[in-house]
Structures are given as C-alpha cells and as structure tokens.
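Whatever order the structure lists ligands and atoms in, that order sets their numbers, starting from 1.
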Amino acid sequence: MSSFSDELKRREADGLFRRRRILASPQGARVRVDGEELLSFCSNDYLGLANHLALIEAACRGAREFGVGSGASHLVTGHTAAHHELELALAQFVDAPAALLLSTGYMANLGIVTALVGRNGEIFADKLNHASLNDAAVLSRARLRRYPHCDLAALERLLAASTAQCKLVVSDAVFSMDGDIAPVPELLALCEAYDARLLLDDAHGFGVLGARGRGVLEHFSLPLVPYPPRLIYMATLGKAAGVFGAFAAGEPQMIEWLVQSARSYIYTTATPPMLATAVLASLRVIAEEGWRRERLRELVAVLHRDLRPGRWRLMPSVTPIQPLLIGSAHQSLEVSEALRRRGILVPAIRPPTVPQGEARLRISLSAAHGPGDVALLVDALNELRIA
Ligand SMILES: *Cc1c(COP(=O)(O)O)cnc(C)c1O
C-alpha cells in the first residue's frame, strides 16, 4: 500500500497538484485573493448574479420564513412551499410540462441516469461530457459507449448496432472546456430514429443561451409543444443562475419516475428553502435583465475582435466560455502566472481535464465585466504573445 504522502508528492512532481485559492470577497469582476484584488475570468457566474442584491434579499426572506435547514429529505418533510413554487416556475421558465429540483448538478446526473437505465441498458456519451455524466454511467451499470466529440455519424453507427432495450444518449449542451454547443436538433432526430432517450446537460447554457436566457432549446428554437417525449432536460442553478442546485425537466410521468426512483434525490436532505427563494428571484432577474446577455455577446465580440492572431488560438466559441488554446501544459501555466503578476486571474486547464497537447487558458466572461475589463485582458495577452 503506497502512502498518501508518496502519492501526493507524485502529483506535485507531475505538475498536477491542485491548490485552493482562498477568496475573501463575493464573486464579481474583481475578487480578493490572498490579500490582493484581482480581475477574475474564472467563475461560472456568467450573468453576475451570485452577488445580486435581489437574490441576497430573497435568500434572507427565505431564511426568515423557513429557517436555514430543511431538516429532512423531500419525501419525508423537507419539501416546502418554496421548493414547490420553484419547481413550477422552473418548468414554466424552460417551457416544460414538469420539473424536479435536485441538490446539485452532480447529484442530478447521478440520479437521472441511474433512474433511466440499468444493467441491461446502453448509454451513448460524447467524449467531452462532464465527469458527473461519466460517473453516473458507471454507477448505472449500463454499457457505456463514448463517441468522438459531436460526431453524429459515429453516434448513429453505435445506435444502429445496439440491441439494448433501453438506450440513453447523454450530452453536455455547452461543453465546459471548449465552449461549443452540441448539435441538439440532430441528436434529438437520431434518438427518434433509433428509439433512444436524450439527456441534455445545459449547465452552461441555462440563463445564457437564447434571447430570453431559457437555454439551449431556445437557442435552437426547438418546438416544445408538445414537449419531445424522449427529452430529459437538465440544468444547474449554481452557474448563470448565481445560486446553487440543479433541476430536471420533461414529461410529468418521467419527472414522477425520478421522484420515485432517483436515489440521489430520495436519500438526501432537501436543499435549504432559502436557496429556493433565491433561485426564484434569480429567474425573475434572468427574465427582466436582458442587458446581461447582451453584455456577454458584446464582450465575446470585443475579445475576438481585439485579440491579435499569434501563437495561441482563441477557440471558435460564441458562449461565455472562451478557451485560448496554448498546447503545452507547462506554457499554459506560465501564461496564467504571467497574467496573475499583472493582476488578472485566468486558470490554466491541463490534461487530463483536456486531451494531451491541448492545454489552454479557460477565459470565462461575465456580465459583471465591463468592456474595459476585457480590454485589460486583451492588452496583457497581446503583450505576452509578442514577448
Ligand atoms: C458544473 C457542471 C455540473 C455539476 O453541477 P453542480 O451543480 O456544480 O454539481 C454538471 N454538468 C456540467 C456540464 C457542469 O458544467
């Protein structure tokens, strides 16, 4: 048995040791880290709502009305009027017949996948899917087939060859390290043709994509009446929505099946109701403050317009996830550190999170940034690329 200390030293030697930064401020364009104020391009708070006054006040009201802890699981006595109201609002928000609130996106994916497929099922997963979807597939004991990123022909070959009774295609809607968008209409058409279900994980699209921020389905203007019976839509509430949690949406019978059988829903304490009241306020802000999505589009355009072509390539993303492909893990780290010395925080993403030779800076933009903030980043990168 090797000791933890040996394993930890090996991680350190391989440049894979992770250190947590300690923040002394809320999320925002500028954060206080280790006594320094830094311009941050590393949160998933895409709309700048994590520190929004309306959400903070809603959380306080929720705490005063329901207390802090929910005290029980949803199926016992933890399911409050705030949770109930939020589920109705979430369903309406994404034009789905029904929705279920779950504790986190990670737990939602574990619960949904294991409730939908078992030992005799087969799961078809994009190679670049989020880790939680892969973990869920392993937990389900279904056969797992991973297809090359967004390769519809490869997916179709796998579906055509499958003899499983129960088939589930799973895909991120917006890929978290590349920022590109899955071909959702085509995925849905393949699921129709081969009698499969489709689980879409819209963690990075909800609140951001579509003119009204309803997410990837609005982005593609998919007809949602009647709701596609094969579709299970899932999104998280800790990114653009600025709070915490996740939900699944779809046919009422499918949602009821999750209530009855998703183990990560049943065997856990209900989310604090104050978070449900905060998310309710967040949905209102997402709907009313359309300028936040416009600001994001503007910032993406500024970045692509002003960053000079050079050794590193900005990947072709229209979402707030804007990866700058550098290649070597070592160099990515150096660029990230050079930016940090200039007061700018951008994380280097290295293997195994991304493939070998595709290390990158993951720039994430937020409506909390102004055009001047992006200009500071662009100037610093343009200088570093010449140096
Ligand atoms: C962040 C993320 C999750 C996990 O959501 P949490 O609420 O943070 O647990 C799941 N899927 C994708 C694609 C994500 O980016």
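Atoms of ligand 1 found under 4.0 Å from any heavy atom of Asp201 (numbered from 1 in listed order, with element): 10 (C), 11 (N), 12 (C), 13 (C). The distance from ligand 1 to the heavy atoms of Ser132 drops below 4.0 Å at these ligand atoms: 10 (C), 11 (N). Taking every non-hydrogen atom of Asp172 and a distance limit under 4.0 Å, the qualifying atoms of ligand 1 come out as 13 (C). Proximity to Lys239 (heavy-atom distance under 4.0 Å) selects the following atoms of ligand 1: 1 (C), 2 (C), 3 (C), 14 (C), 15 (O). Residue-ligand proximity, Tyr106 to ligand 1, at heavy-atom distances under 4.0 Å covers atoms 4 (C), 5 (O), 6 (P), 9 (O).
For Arg342, the salt bridge (Lys or Arg N to Asp or Glu O under 4.0 Å) partners two or more places apart in sequence, or in a different chain, are Glu383.
Inspection of the Ser366 and His369 side chains reveals no N or O donor paired with an N or O acceptor under 3.5 Å. Of the N and O atoms on the side chains of Ser132 and His130, at least one donor lies less than 3.5 Å from an acceptor on the other residue. In this structure, a donor-acceptor pair under 3.5 Å is present between the side chains of Asp180 and His149.
A side chain to side chain contact (heavy atoms under 4.5 Å, CB included) with Val279 is found for one member of Leu237, Leu55, Leu101 and no other, namely Leu237.
Of the protein's non-hydrogen atoms, Gly105 N, 2.7 Å is the one closest to atom 7 (O) of ligand 1.
Residue-ligand proximity: Gly238 is placed with every non-hydrogen atom at 4.0 Å or more from ligand 1.
Distances between N or O atoms of Ala203 and those of ligand 1 include no value under 3.5 Å. In terms of polar-atom proximity, Ser176 is not counted as a contact of ligand 1, lacking any N or O under 3.5 Å from an N or O of the ligand.
The nearest non-hydrogen atom to atom 10 (C) of ligand 1, considering only His204, His130, Met177, comes from His130.
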Run the ring-ring contact (aromatic ring centres under 6.0 Å, His included) test on Phe206 and Phe247 for me, step by step, so that the C-alpha distance in whole Å, both residues' side-chain angles and the decisive distance to 0.1 Å come before the verdict.
CA-CA 11 Å; Phe206 180 77; Phe247 69 98; 5.3 Å; yes
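Heavy atoms from both the backbone and the side chain of Thr104 come within less than 4.0 Å of ligand 1.
Annotation: salt bridge (charged side-chain N to carboxylate O under 4.0 Å, His left out) contacts involving residues 219-232, sequence neighbours excluded, comprise Glu192-Arg230, Asp195-Arg230.
By the 6.0 Å contact criterion, NE2 on His330 is open, its count of non-hydrogen atoms from other residues, nucleotides or ligands being 12 or less.
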